[in-house]
Asks: 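Right, I'll just put the structure down here and ask away after.
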Number of protein chains: 2
Amino acid sequence: MVAVMCSRTSSRSRTGRPRSAEADAAILDATRAALVELGWSKLTMGDVATRAGVAKTTLYRRWASKNELVVDAVAVLFDELELPDRGSLAADIEGVVRQFAALLERPEAKTALMAVVAESTRDEPLRQRIRASIVERQKRLVLQGRRRAQERGELPPPAPDSGPSSGTDDLIFDVVAGAVVHRALVSAEPVDADWAQRFTALLLGGLAAATQG
Amino acid sequence: MVAVMCSRTSSRSRTGRPRSAEADAAILDATRAALVELGWSKLTMGDVATRAGVAKTTLYRRWASKNELVVDAVAVLFDELELPDRGSLAADIEGVVRQFAALLERPEAKTALMAVVAESTRDEPLRQRIRASIVERQKRLVLQGRRRAQERGELPPPAPDSGPSSGTDDLIFDVVAGAVVHRALVSAEPVDADWAQRFTALLLGGLAAATQG
DNA sequence: GCCTTTCGCTACGGGTCGTAGCGTAACTGG
DNA sequence: CCAGTTACGCTACGACCCGTAGCGAAAGGC
């Protein structure tokens, strides 16, 4: 899922020496370790190769640039994100906020996420890669939470002609993810229980007003 | 205000050749131009110096790193941000959202903002510089809008023992700025009139619920 | 065993970094 | 007007990283 290598499944060669899966894992681990120690700007391809115990050329055979490598290395962190049923929409929102905040406290995620997004403003393929590997993974939580709230009756049922996603889902996603990221990285203040509660109250109030009005 | 050089006003030397103010302006202009053409990652100090018509050493005499230079170059863009009285809290919010979005459409702001924030996660002095030059400038709009809404009676008056800023102001700020940035840079979809209206409705609903509940 | 592909390794030209050193220009105080 | 001080443009430099090429060896499929 994470590695976007199409070697095995697609029409790639079935003969010759196969690529080492251990090398992949070692490289991604080394990338995260280097991000923790050095941060984005001082991370070099040669250093990652040395840490992973592979040759620099091996690295370039799989990832064309530092950007793509770091996206793949950080994407696995987002696999941890889940949305256990906490019984109410409020609890679900608060849970996902705190979970996302905990992820952003990890130095490798902190330094890498903003950097690759910055790069993606001038690199459309990279933006697609980020969207597929990271953003869509988060967005699913919003859809899941909304569906669950509708089953509970906390939100009105979906319009019959609406697809699986809607503009409102996009709005909620940008508000939740954006607010948490901004709080954690720009304001650089903790996303603690108090903040999560107040944010959830604000968002729930907005949702209630929207469904009633 | 933008340039944080303490040469003139403070206890800096009053003798010797003064620093060229024209050079400052030329360097910051060249930095923005280079950001537009090259983006953050391909911007080099030598290139900026050549564009500005100054020596590279002159650049290093004033800014220790690319990070600080870019922060100062981009900070002036935020001087444009204003909050004209549009008659209602809803219109004020919608206005500031669209104004901030217009700023983020400029390629030099787009590529630079996320990059310096990413760097600031491992560089506390840089974070302070960003806060002073950029973040505080935005936050003032929130305080001003809140005060104006209270004068209109759209929001309850401030508690007598509260200072000029509160935790709620911080929350609103993170929600507004975070949502707009996330929409524009991560989701990479336009912050058009429709989105601004829907976002404003959501936020206003949350505020109303908070003041009533 | 033969073919294909990956691997580790070395080496390379090209580019950027940040600094040092020099002579010159600009401004100040005596 | 002149000495002192600081900024400036210019050149040169070692250090580092980039991304690639070329090699022989290793690891699989047929």
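A, B, ... follow the sequence lines: proteins, then strands. Residue 1 opens every chain.
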Asks: Would you please say whether a donor-acceptor pair under 3.5 Å links the side chains of B:Ser20 and B:Glu22?
Replies: yes

Asks: Please collect all salt bridge (charged side-chain N to carboxylate O under 4.0 Å, His left out) contacts where either partner lies in residues 108-120 of chain A, sequence neighbours excluded, each pair once.
Replies: A:Arg106-A:Glu108

Asks: Holding to side-chain hydrogen bond (donor to acceptor under 3.5 Å, both in side chains), I want the full list of residues that pass it with B:Asp47, two or more places apart in sequence or in another chain.
Replies: B:Arg51

Asks: Strictly under 3.5 Å: I want the nitrogen or oxygen pairs between protein and nucleotides 24-30 of chain D, one per line.
Replies:
{"from": "D:dA26", "atom 1": "N3", "to": "A:Arg17", "atom 2": "NH1", "distance (Å)": "3.1"}
{"from": "D:dA27", "atom 1": "O4'", "to": "A:Arg17", "atom 2": "NE", "distance (Å)": "3.4"}

Asks: Of the residues in residues 29-48 of chain B, which ones touch DNA chain C at a heavy-atom distance under 4.0 Å?
Replies: B:Thr44, B:Met45, B:Gly46

Asks: Using atom CZ of B:Arg19 as one end and atom C1' of D:dC8 as the other, report the distance to the nearest whole Å.
Replies: 11 Å

Asks: Please determine whether a side-chain nitrogen of the Lys or Arg among B:Arg148 and B:Glu151 lies less than 4.0 Å from a carboxylate oxygen of the Asp or Glu.
Replies: no

Asks: In residues 115-124 of chain B, which residues come under 4.0 Å of DNA chain D by heavy atom?
Replies: none

Asks: Tell me which one of A:Leu77, A:Val117, A:Leu113 satisfies side chain to side chain contact (heavy atoms under 4.5 Å, CB included) with A:Ile134.
Replies: A:Leu113

Asks: Report the residues that fulfil salt bridge (charged side-chain N to carboxylate O under 4.0 Å, His left out) with A:Glu82, sequence neighbours left out, ordered by chain and then residue number.
Replies: none

Asks: Just jot down the side-chain hydrogen bond (donor to acceptor under 3.5 Å, both in side chains) partners of A:Lys139, sequence neighbours excluded, or say none.
Replies: A:Asp170

Asks: With sequence neighbours excluded, tell me which residues meet side-chain hydrogen bond (donor to acceptor under 3.5 Å, both in side chains) with A:Arg98.
Replies: none

Asks: Kindly give the atom pairs (protein nitrogen or oxygen, nucleotide nitrogen or oxygen) under 3.5 Å for nucleotides 9-12 of chain D.
Replies:
{"from": "D:dG9", "atom 1": "OP2", "to": "B:Ala55", "atom 2": "N", "distance (Å)": "3.3"}
{"from": "D:dG9", "atom 1": "OP2", "to": "B:Thr58", "atom 2": "OG1", "distance (Å)": "2.6"}
{"from": "D:dC10", "atom 1": "N4", "to": "B:Thr57", "atom 2": "OG1", "distance (Å)": "2.9"}

Asks: Can you check the B:Arg62 CZ to C:dG18 C1' distance for me, whole Å?
Replies: 17 Å

Asks: The criterion is salt bridge (charged side-chain N to carboxylate O under 4.0 Å, His left out); which residues satisfy it with B:Glu136, sequence neighbours excluded?
Replies: B:Arg131

Asks: In whole angstroms, how far is the C1' atom of C:dT19 from the CG atom of B:Leu59?
Replies: 14 Å

Asks: What residues form a side-chain hydrogen bond (donor to acceptor under 3.5 Å, both in side chains) with B:Arg32, not counting sequence neighbours?
Replies: B:Asp29

Asks: For the pair made of CD1 in A:Ile27 and P in C:dT6, what is the distance, rounded to whole Å?
Replies: 13 Å

Asks: Report the distance from atom CG of A:Asn67 to atom C1' of D:dG19, rounded to the nearest whole Å.
Replies: 14 Å

Asks: With B:Glu94, which residues qualify under salt bridge (charged side-chain N to carboxylate O under 4.0 Å, His left out), at least two apart?
Replies: none

Asks: Between B:Arg127 and B:Asp123, is there a salt bridge with N-O shorter than 4.0 Å?
Replies: no

Asks: Report the distance from atom OG of A:Ser120 to atom CG of A:Leu126, rounding to the nearest 0.5 Å.
Replies: 5.5 Å

Asks: Let me know the distance between OH of A:Tyr60 and P of C:dC9, rounded to the nearest Å.
Replies: 17 Å

